[in-house]
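Sequential numbering from 1 along the given sequence is applied to the chain's residues.
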Amino acid sequence: MALSFCGNDRGSNAYSVDKGVLDNGCFVDALNLVPHVFLLFITFPILFIGWGSQSSKVQIHHNTWLHFPGHNLRWILTFTLLFVHVCEIAEGIVSNTWMESNHLHLFLPALMGFIAATTSVVYYHNIETANFPKLLLALFIYWILAFITKMIKLWKFAEASLGVQYLRFCITALLVVLYGLLMAVEINVIRVRKYVFFANPQRVKPPEDLQDLGVRFLQPFVNLLSKATYWWMNPLIIGAHKRPIELKKIGKLPIAMRALTNYIRLKDSYEEQRQKTEDPEKSPSIWKSMYQAFGGPILLSSTFRYMADLLGFAGPLCISGITANMTFGVFFMSSTELLQNTSVLAVLLFLALVLQRTFLQASYYVTIETGINLRGALLAMIYNKILRLSTSNMSMGEMTLGQINNLVAIETNQLMWFLFLCPNLWAMPVQIIMGVILLYYLLGDSALIGAGVILLLAPVQYLIATKLADTQKSTLDYSTDRLKKTTEILKGIKLLKLYAWENIFCDRVEETRGKELTSLKTFALYTSMSILFLLSPAKAFASLALFHILVTPLFLLSTVVRFAVKALVSVQKLSEFLQSDEIGDDSWRNGEMYMSLEVGKKYKYHGDVSAHTRICTLNVWSHLQSLGQLTMIVGQVGCGKSSLLLAMLGEMQTISGKVYWSKLPDYEILFDGSIRYSVAYAAQKSWLLNATVEENITFGSPFNKQRYKAVIDACSLQPDIDLLPFGDQTEIGERGINLSGGQRQRICVARALYQNTNIVFLDDPFSALDIHLSDHLMQEGILKFLQDDKRTLVLVTHKLQYLIHADWIIAMKDGSVLREGTLKDIQTHDVELYEHWKTLMNRQDQELEKETEMESQTTLERKTLRRAFYSREAKNQIDDEDEEEEVEEDDDDNMSTTTSRRSKIQWKMCCRYLSSGGFLMVFLMVSSKLAKHSVMVAIDYWLAAWTSSNPHNQSLADPFLNATNYTQNDDTQISQHLSYVPVFIILCGAAIALCLITSLTVEFLGVAAATNLHHNLLNKIIHAPIRFFDVTPLGQILNRFSADTNIIDQHIPPTLESLTRSTLLCLSAIGVIAFVTPAFLIALVPLAVAFYFIQKYFRVASKDLQDLDDSTQLPLLCHFSETAEGLTTIRAFRHEARFKQRMLELTDTNNTAYLFLSAANRWLEVRTDYLGAVIVLTAAVAAIWSTSQSGLVGLGLTYALTVTNYLNWVVRNLADLEVQMAAVKKVNSFLSTESENYEGSMDVSQVPEDWPQHGEIKIHDLCVRYDTMLKPVLKHVNAHINPGQKVGICGRTGSGKSSLSLAFFNMVDVFEGKIVIDGIDICKLPLQTLRSRLSIILQDPVLFSGSIRLNLDPERTCTDDRLWEALEIAQLKNMVKALPGGLDAVVTEGGENFSVGQRQLFCLARAFVRKSSILIMDEATASIDMATENILQKVVMTAFADRTVVTIAHLVSSILEAEQVLVFSSGTLVECDSAPNLLAQENSLFSILVRTHK
């Protein structure tokens, strides 16, 4: 048949125009071609020239992007237009088949219309990007022409009385409407932009965000198609393959999403709520304010969600239509007939799927974006509140750091997650109701029974969900507890090893871990049950696609309900926090009032050791008389000195009285015109930022080199800075962990000195410094630097020898002022006090004179610092070797290498993880999984066969369960039909059982692996040599126990489960489709290739983005806890604004990473969903062409529908597993640590029970080193110590004194010589025995949380009398008696509820409890005040009269009475004799040491 436009049917004169030109239908159709051709003619050259010129500037940057008015509407209308054109083409082609010859005019104009519509949208997009609206005229003319031509066609149809019942009439009418609307949109653009017909066109700039090149998150600015498919993410995700995504690459957030913008929105609505609530006690509703601030987007998202859900029902309906195989229509097709064409249905099914998925992803995206905005706003709100918290809240423990961290890390995330799931809350009921109605329509009454069963299970689900939430909470409690115990162990590891207590404490952790695992197991059980309850009814109704639609909302319902409950709790906590006390307004700090002469000031202070509420009355006599005055506050421990400072800063609750700050004289206005009102304050407990040393000292002030240098010299920080790997640009780790106490304190003092403020408050700055440093600081820093600056200084101190420098002295006792005045006043008025001071001063002066070592403690600190850093560098080199293959190659290098290293999942680690779970469990898991999926497929197949064999397969809409509708006429067939039932029941039973078994095996495999990994990790680390802890940063070890263990416990098992399930589901689905319609396999190849590339690119990008998200979250949490710890300092310095700014930056960075991560997830899901839709389309087309039983075709298509749901889960889980396996890798890297040799060559039974009986120590030719790689620290030492001798060891820093004390405990590598105690070589003894028979008192006091009894005697071997006796010797008996509970009184973490001196005394008591005949004191008196130290010396002399005591001394004065003195110099023993003998020799090193300090 020849092709002709109007056809050449016999007897038709297609080309005659007798009745008038427009009455010829063919001519009207030809007329319709004109506008389309016109548009193509005009636009192609423009596009061509445009693109040609653009290719020169490779990528147009987004600074010219704009949306013309009506942008989104235009896109939606154009897509609808395209869809209608497709319908028109289809109708034309189908109608054409009914004619004798081909009538091109039936479908050719429609085809051209389709091409023109596509061109119009491409053209429009290019005009918009180039912001050149004049070219829109072409489109405007096109819409008008198209509208007119279609209008003529419609009018002619109406004339010929062809009405709505004909499809072509409907299509034409629709087109008229669409063209009309598009015309209106175009007119609107002209109206707004005035680019034509108006004299002054409007100049429009792109949005502010796009002018800022830093903004890379383009979702709000791209066109609709790119928004829906995340097309703008392509360069990022594909680029991730070449080089990792860094923070620079993801840029800044658009303004509307920044934390500040959202904070202002939320705060405004919160304040509004606050004004609405009349009752000031009642807190404003956070829910309402959240709704007010973020309600709009949530409603939008819900709308998308509804549309997606309604489209979801199209799938099953189309399937039932396709399987029911209907017939064709006539020339003028009626509207229903097109829908009965199976090919048309297949295309419709495809379009419905694509649309549904697009809507669903859009809904997800909008909620996620809103959730992120809400989180940013909440974080800013919490942070602003933290900055206003009253200090008494913190010290009274009403608000602990832990609570604040939880608010930040957990509660805000709970709310964010709740928002994510929010649309589900209202979408679910609709889904369920619609589902039941449709089922009823298809299946009749049996549907209602099924729905009833499902609804009955809902409350059970809810019960299980609440149980799950409870177990989750208890797991969390146990793991926090376990972490606390682990942290303590790691902080006190040296003490635990020296006392051989590591196993006792290890068991404490294991006990808590046991509880944690039990609750994990219950959690696993409940999870399995909840899965079971869902799947049983679903299985009974088998693969009915609609039941899938019903089951999902029910499954999600329990989750959403659980999250809603959690969100309620979180909001409760938040509002409590936002309502808590704030500090008063401190306007008086700005000197509004002059200072009166006498100020009676009372204020309450909480938080004594015994938690008495003390009332301090302070009579502060015109305290700061003139600028540049030095005031000192002295008094015993705990008499309220620090509290006085805090009260002056306005941090205390003032009961009565006032603090007056005088206005400054005019000349004190500084060079920058600002007045110094902030106070430089150095707290007693040093507080450092997680930043470089320099940033810690300048603390936000402008950097002034000369001043900085002066401050560093005054605090003698230069030697310490020289030791740091990057000088003062070294990051000080989390809370300054890698510095010693003295170094941290000096940095804090340096910060106070550096700030340009009038007033400086120093709270006991000398407590962690040795005498030399204190003197240097006093002379250089305080007397010289501050006096030159004319700054007023208030100093709290214990060092009385500095009183002579004070201009004014305040002596305090028990919370009130005992005396004040100058030193002369006190000398004349209170002789007794002065005498008391004088005796103490003499003691301190003596110390200074007889101080042996130039810079005892400090040098020691520097030594440890050096050791820590250099060893860490050595360790880093080893790490670098592992990472060398990860170094980025150059771009021109072949790309495959870089790709392979970043896209490989660590299969080794997977094996390691599975083997930790045990091979039996792995085998069980694999086999049960396979069995379960085979059974599921079998059930579905059985059903399909059953329905196909149905004797009266009247094409009820659904082919599956119509076994109920047949008449009793053909008995044989019916009986054969019923024989399917028993097999079906057996299969269902098997499926349900297997479901339970598989989910349990996976969960228990996870628990077993977690148990093993943690147990091995803990044992390895606890038994590692002490050197390991010197080289490995504490934070790194703790991370293995917190974050990594948590991932292994709670994240890997579900990911593994989900991954195996979705992979097997996809595979079984593809298998079934291929079995039903083998032709499908051909189409599978390109689909598989596309899928492979999508997942390959996505996994790399996702891993990078996930790392970014994790790495940006940590600084944010740290910043919160830092702020909460250093509140007083920040407020004293008045740096709140700077810290707020920093917090907003950190939040935004983290939110950017998270937004990109979720956008990448959407990118993946849209792509996999479209792939799934294509799979459904190919399966449907293959089914239509092939001739299978209708039941099997339905089966294949239903399976194809499920694939869309699971494809993206396969990729997401792969990516997640890859990230989570890193945790196993990190834990594994610690499992290769060497342990100490605990065995020893002697058996425990050979050691006498009471060894060492006498305490005689012989040292033969001893050589010691810290590590086989390092030089020896002691060389060939020989000495003999008689039983009961009091021995002193001294020498300059680094001479090896402390190494000797460690050698007694075999803590270091003794590679030559031996130490023999009471006839036994200690190197042969099992470590446990050796260390448990000696006692030592360390320099740093370590206490563990628990009871006093636990701290003195964790082994529980001593009687109470013995403990009391020890406490009495250590002068602590009365204090402990006063505590509630006596020996069982609580010790908080790190012993924070006792002063440092008291802690040191507890350590003494601990040594006395262990009745060993040898006591070693390693510089034990460094942090005790004079009075206590005197007592100590006496105690040692009396209580230990018959034991051997080895004292390692910093202050030579403490060993002048020693019976034997060992003097070391650079690792060798140079002198050994009694003290008087050595002093008698003029040129002995000992006498030189003593003399140089006289």
Side-chain angles (χ1 to χ4, degrees), residues 843 846-847 849-853 856 1251-1260 1262 1274 1277-1292 1295-1305 1315-1319 1322 1333-1337 1339 1369 1404 1407-1408 1410-1422 1429-1465 1468-1491 1493-1494:
R843 288 249 21 188
Q846 264 174 11
E847 262 182 40
E849 289 159 16
K850 300 193 178 155
E851 152 97 337
T852 348
E853 305 195 6
S856 50
W1251 178 92
Q1253 311 87 324
H1254 316 296
E1256 177 189 27
I1257 306 173
K1258 290 179 185 158
I1259 303 174
H1260 295 289
L1262 180 74
L1274 288 179
V1277 176
N1278 287 293
H1280 181 214
I1281 298 173
N1282 293 321
Q1285 248 189 350
K1286 306 290 172 280
V1287 182
I1289 298 180
C1290 62
R1292 292 206 162 87
S1295 55
K1297 310 183 298 291
S1298 297
S1299 309
L1300 181 64
S1301 68
L1302 292 177
F1304 285 132
F1305 290 86
I1315 299 180
V1316 180
I1317 298 182
D1318 285 354
I1322 60 166
R1333 305 285 177 89
L1334 307 177
S1335 30
I1336 184 166
I1337 304 171
Q1339 184 181 3
I1369 296 177
L1404 269 171
F1408 300 147
R1410 181 176 277 186
K1411 285 258 170 41
S1412 158
S1413 60
I1414 297 179
L1415 170 69
I1416 294 166
M1417 293 172 68
D1418 186 357
E1419 313 173 18
T1421 54
E1429 190 181 335
N1430 277 347
I1431 301 167
L1432 240 174
Q1433 297 290 344
K1434 285 196 195 103
V1435 164
V1436 173
M1437 291 306 157
T1438 51
F1440 287 88
D1442 54 342
R1443 310 191 197 174
T1444 311
V1445 180
V1446 179
T1447 311
I1448 292 172
H1450 268 174
L1451 317 176
V1452 187
S1453 57
S1454 57
I1455 54 167
L1456 287 178
E1457 287 87 48
E1459 298 161 29
Q1460 188 179 357
V1461 176
L1462 308 179
V1463 186
F1464 279 89
S1465 171
T1468 48
L1469 177 62
V1470 282
E1471 292 167 14
C1472 172
D1473 205 339
S1474 68
N1477 289 357
L1478 284 174
L1479 280 175
Q1481 301 170 15
E1482 279 293 301
N1483 53 355
S1484 69
L1485 182 63
F1486 184 66
S1487 53
I1488 295 174
L1489 278 174
V1490 176
R1491 263 206 312 280
H1493 291 286
K1494 276 222 159 151

Rounded to the nearest 0.5 Å, how far apart are [atom1] of [X] and [atom2] of [Y]?
X       : Y       : atom1 : atom2 : value
Leu1274 : Leu1469 : CG    : CG    : 9.5 Å
Ser1335 : Phe1305 : OG    : CZ    : 7.0 Å
Asp1318 : Ile1414 : CG    : CD1   : 6.5 Å
Phe1408 : Leu1415 : CZ    : CG    : 7.0 Å

Would you say Ile1257 and Phe1304 make side-chain contact, with heavy atoms under 4.5 Å?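 Of all side-chain heavy-atom pairs linking Phe1304 with Ile1257, at least one is under 4.5 Å.
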Closest non-hydrogen atom pair, [X] against [Y]:
X       : Y       : value
Ile1448 : Ser1301 : CD1-CB, 3.4 Å
Ala1407 : Ile1336 : CB-O, 4.3 Å
Ala1303 : Ile1322 : O-CD1, 3.4 Å

Listed partners of [X] passing side chain to side chain contact (heavy atoms under 4.5 Å, CB included), at least two apart:
X       : result
His1260 : Lys1258, Asn1278, Lys1314, Val1316
Pro1476 : Ser1474
Glu1459 : Gln1285, Lys1286

Under the rule for side chain to side chain donor-acceptor pair (under 3.5 Å), what residues qualify as partners of Ser1484, not counting sequence neighbours?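 Side chain to side chain donor-acceptor pair (under 3.5 Å) check on Ser1484 returns Ser1487.
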Output all residues satisfying side chain to side chain donor-acceptor pair (under 3.5 Å) with Glu1256, sequence neighbours left out; order by chain, then residue number.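 So Glu1256 forms a side chain to side chain donor-acceptor pair (under 3.5 Å) with His1280.
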Return the set of residues passing ring-ring contact (aromatic ring centres under 6.0 Å, His included) with Phe1486 (not counting sequence neighbours), or none when no residue passes.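 Not a single residue meets the ring-ring contact (aromatic ring centres under 6.0 Å, His included) criterion with Phe1486.
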Considering the options Thr1447, Val1461, Leu1300, which one meets the side chain to side chain contact (heavy atoms under 4.5 Å, CB included) requirement together with Ile1289? Leu1300
For Arg1443, all residues meeting salt bridge (charged side-chain N to carboxylate O under 4.0 Å, His left out), sequence neighbours excluded: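 Partners of Arg1443 by the salt bridge (charged side-chain N to carboxylate O under 4.0 Å, His left out) criterion come out as none, since no residue qualifies.
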Donor-acceptor pair, side chain of [X] and main chain of [Y], under 3.5 angstrom:
X       : Y       : result
Arg1410 : Leu1334 : yes
Thr1468 : Val1470 : no
Asp1473 : Leu1478 : no
Glu1471 : Leu1485 : yes

Gln1460/Cys1472 under side chain to side chain contact (heavy atoms under 4.5 Å, CB included): CA gap, chis, key distance, verdict: CA-CA 7 Å; Gln1460 188 179 357; Cys1472 172; 3.0 Å; yes
